[in-house]
Every structure is written in C-alpha cells, then in structure tokens.
Amino acid sequence: MDVPRDQITTLMDHGLYTSAQMLGCFLVSSSAVNPETSPHIKAESLVLLGDALFREREHRRAIHTYKQALQHYKIIPRQNSTARISLSTSNRSSSPNSFNISAINENEVKFKIASCHCAINENVAALAEMEGIPSKARNLQMNLLMGKLHRNSRQNRAAIACYKECLRHCPYVIEAIIALAELGVTAKDILSLFPQTPNRSGRPPFDHFDSSRWLQRYVEAQCCIASNDYKGGLELFTELLQRFPNNIHILLEIAKVEAIIGKNDEAIMNFEKARSIDPHIITYMDEYAMLLMIKSDHLKLNKLVHDLLSIDPTRPEVFVALSAVWERKEERGALSYAEKSIRIDERHIPGYIMKGNLYLSMNRPEAAVVAFRGAQELKPDLRSYQGLVRSYLALSKIKEALYVAREAMKAMPQSAKALKLVGDVHASNSGGREKAKKFYESALRLESGYLGAALALAELHVMEGRTGDAISLLERYLKDWADDSLHVKLAQVFAATNMLQDALSHYQSALRINAQNEAAKKGLERLEKQMKGVDPDAPEEDEENEVEDADGDQEEAELL
C-alpha cells in the first residue's frame, strides 16, 4: 500500500481536513489499489476522501466522491466477505470517520450524500437519498435529517413521525421538540414520547429525574408560543430563566416573542442582555435589528451589523440586518438584502416580514401580500397577520382584510393586538367606525397599556369630530406612559384644532423622548409654517396630506 489509510483518519481526527483531502487524492489514485481486484479498498478510500471534502464544505465534490465509492461497493463480490474482513481489520482505525470491517456502510454513505445535498439546499435530492435507507437502519442523526427534509417539502405527517422517533431515542433533542411544537403536536403528546420505564441499567425512569421538570416546562413553553399563546409561553420561559439565570437560549426565545407581540422595549433589553453575555451570537439578531430600525436607533443598528459581518457574513440573519440598515438609505438595496436572506434559507421568516414591510413602504401592496403569505405559510405569527391586513387595506380589499383579521382573532383569542386588527379594518370605511370603536375599546379592556389601540381610538374620535374625547383619552395615557407617539398624536390633534402652542410643546416633548421620530420632525415643520401664517398645504395639497396619513400608519405599525 503506497499511502497508509490510517494516516488520513489521523489527520481527520485532528481536524486537518485540507491535508486529509490532499492526501486522499494520493490514496484514491494509487496504482497499488486495483479497483478490479480490491474494490472494497477503493470504496473505503473514496469514502475517506469524501469525508475530508465534506468537512471542507466542498459539498458537490463530496457527493461525487461518495457516489463513486458506492459504485465500487456494489461490485464487491459477496462470497469473499471473509477475506474482506481480514483485510480491513489489519488497518482498522479507531476513528469514527473510518468505516471498518466490511468495507463501508452503505446507509452511512447515503446519509452523508443527503447531508451534502441538504447543505446546498437540494431538498428533493437529499430526500431521495435518505429514502434509500431502510427505516430500521436509521439512527438519531438520520431521523433528525429526515424530519427536516420532510418538513421543508411540506410533508408534515412524515416529518412529525421522524421527529417523534428522535425523541424516543433521546428526549433532549431540542430541535425535534421545537419542530413538533411548531407542527401543532401538543405538549402532552410530546412528553408521552419520553422514556418512562426503568431502563436496563436500573436507572430510574426519565420522569424521576429533577431534570425532567425543566424539560417539561420547556416543552410546554414552546407549545404555547407555537399556538400563539404568547402570554403563557412568556410566563413559562421567565420561570425557566429563574432556574437558569443568564441562559442565552431562553433570553433569546423570550426576546423573540416580545418582538413578535410588539413589546419592543422589553425585547431590545433582552437582546442586549444576551449580547452582553455573548457578543458573538447571530441567532435572532435580525429580529433585534428590525426593532432598532423601528426605533430609528441608527447608531446601534450600524454597530450591530458591523459586528455580525465580522462574525459570519454568510448567515441569513446578517442579510436581514443589512436590509434594516439600508431601509432608510435606499429601499431597493434593502429589498435585495432581504431577498438574499431568503435565498440562503427559504424558511427564514424575518426575511419575508422585512420584505413585506419594504414593499408596503414602496407602495407595492400586491408584492407585500406575497411576502407576508410566505411568512404565514411557514409559521403564522402576529406580524404576518398585521402585514396582510395592511396590504389588503392598501389594495382596498376590505373583505380579504376582514377575513385575515378574524383569522388572527381566532388564532389568538387573548390578544388585544388581534382585536385591534379587526377594528382597523372596520375603521377603514366610514360605515364601520362604530364597530371599530367597540373593537378598540375591547382591546384596551384586555390590555390597558396597549398604546396602539389608544392611538387608533383617538384617531377615530378625531374623524368623528370628537376632538375633546381624543385629547382627554391621550392625556390620560400620557400620565402613565411617557411615549413619543402619544405626544405626536396629541400635537396633531391640537394643530388640527388650531391650538398651535399646545401642539408645539407636544412635538418638542416627542423629540426629547426620541430625537429620531420622523413624524414629529415633519409635524414640527408644518407647525412652524402655520405659526408664521403660511398655509403648510398650499403648494401640493394632496401630497402633504398623504404624507401625514402615512405617518399615522407608520406609528401604528411601530406600536403593533
């Protein structure tokens, strides 16, 4: 043998994959190995080279190499298996990367080929490869990959079966727990998969461990979030956080849910806490970037993107964060970044949400509908419902908007935000304003601190000519919430009723709280014209009014 095979395994064990694949080239081309007389050695050598290429992320080359190995494996004469075993035991290595005894394990190689296809987003090819492995021969890793592939191709029942199989092997496969929760399996069903009987080693069953208490809570929390019971999920996660203080995974899960339900300040605080513990995380950092964009905190946003690019510029989160940075400078650039995030991972929900909101601000509601639908098919959450309602209203498709808003209300019966959505649809035409008022009031009864509903109700009072009601409602909220959008809305009401001095002081208060508030800046410009006796709408009447309305929508979107 010219090239000792165990040397490749040694290189692989030490993580020296580049050297391993170069040495592999010598091994597979060695004239000492005759593919006709010793196909098993040739097959093993090719698998070793394939492993080195796979670790080097040269996925296409690895697929090609593994497939060659399987071809050689198929021509191994079955009768001389004894000879084969003696041959390969002589240079068997303890390495997990080497396949010892009978040349190679065909199922393992198929799994490796599927993993390569998966890494380059070739779902169909990966699934075809995996289906060639008999179900009895599948191990934990194989079942997890099968679950992902079935789920990506929307074969949910098959995906559920694979994920359940994973948890029967090992209850700690957290990816499988999250996937099952998102696929609608109940907490009770998931927990019933965990081994309950004493095992052979005489250890007590799983539910006797103290560990199972936290794992059970974790399963319940993920199931709450998946079924849109955000309040229940947050309570369970908070309880877990007390037991595991500074747990980054839990902090990020909490922050993500807060971002979805519009608890923006709390979410920002938790994202920042997670980053202070580990400044190199990328998971959910695009959610954080989108919040900083809404807050117009450009300084923090630029710093975040700079950090993310230095950690790993290939992740979809980084492109959504880049999109958030560009949103202010150039919408088309922002859009191409959002699209790039989806190209990297077609299941990346924040990419679709970002894309939908960009299309709305570019006044392309049809395209926005497609983006929000994309997010919703993956996993409906409050933001995709809100985006769809806004898009349909922009298209004057009242019936569709009402259908989506009611769907949100069914999915989230305890959500004030969903009630407000139904109110928004009714408020969009003058005949529905009375109904809208009822929905806004119920939203405030459910969640008294929900400023989005308070602002919408105030706006409704103004439309109906009840300016006094609008002012007293907003002033009541200002007592408890020092919020820039409340000041802006009050300023707008005062300006419209010619109480210019009051309007001025509220615009100034808004800018003291948030110097980046665009609506306050624009409102102040108009007000200064009014105070000088110049008609702010004189040159282009319609356009200015539209801008004013758009600002109202913008605030609403930010508060949702």
task = Not counting sequence neighbours, list each pair that qualifies as a salt bridge (charged side-chain N to carboxylate O under 4.0 Å, His left out) and has a residue in residues 431-456.
result = Lys417-Glu447, Arg433-Glu464, Lys437-Glu441

Side chain to side chain donor-acceptor pair (under 3.5 Å) partners for Thr314, two or more places apart = Asp312

request  = Before accepting this row, confirm whether a basic side-chain N of the pair Lys522/Glu525 lies closer than 4.0 Å to the acidic partner's carboxylate O.
outcome  = no

ask   = Salt bridge or not for Arg383 and Asp381, using N-O below 4.0 Å?
value = yes

request  = Looking only at non-hydrogen atoms, find the nearest pair between Tyr440 and Ala456 and report the distance.
outcome  = CZ-CB, 3.5 Å

remark   = Exactly one of Gln414, Met409, Met412 clears side-chain contact (heavy atoms from CB on, under 4.5 Å) with Leu419, and that residue is Met409

key: Aromatic ring pairing Trp326/Tyr337, orientation class (parallel under 30°, perpendicular over 60°, tilted between)   = tilted

request  = Find out whether the Lys NZ or Arg CZ of Lys397 is both under 6.0 angstrom from the six-membered ring centre of Tyr392 and within 45° of the ring's axis.
outcome  = no

Glu317 versus Asp286, closest heavy-atom pair with distance = O-CB, 3.4 Å

request  = Hey, could you give me the CZ/CG distance between Arg315 and Leu309, rounded to the nearest 0.5 Å?
outcome  = 13.0 Å

Pair up each side-chain donor or acceptor in residues 247-255 with any protein partner under 3.5 Å, not counting sequence neighbours, and list the distances.
residue : atom : partner : partner atom : Å
Asn247  : OD1  : His249  : N            : 2.9
Asn247  : OD1  : Ile250  : N            : 3.1
His249  : NE2  : Tyr218  : OH           : 2.7
Glu253  : OE1  : Gln222  : NE2          : 3.2
Glu253  : OE2  : Tyr284  : OH           : 2.7

message = Check for me whether the distance between the ring centres of Phe439 and His426 falls short of 6.0 Å.
response = yes

message = Between Lys295 and Asp265, does any side-chain N to carboxylate O distance fall below 4.0 Å?
response = yes

request  = Test Gln376 against Arg373 for side-chain hydrogen bond (donor to acceptor under 3.5 Å, both in side chains), laying out the working first.
outcome  = CA-CA 5 Å; Gln376 213 170 21; Arg373 278 264 174 247; 2.9 Å; yes

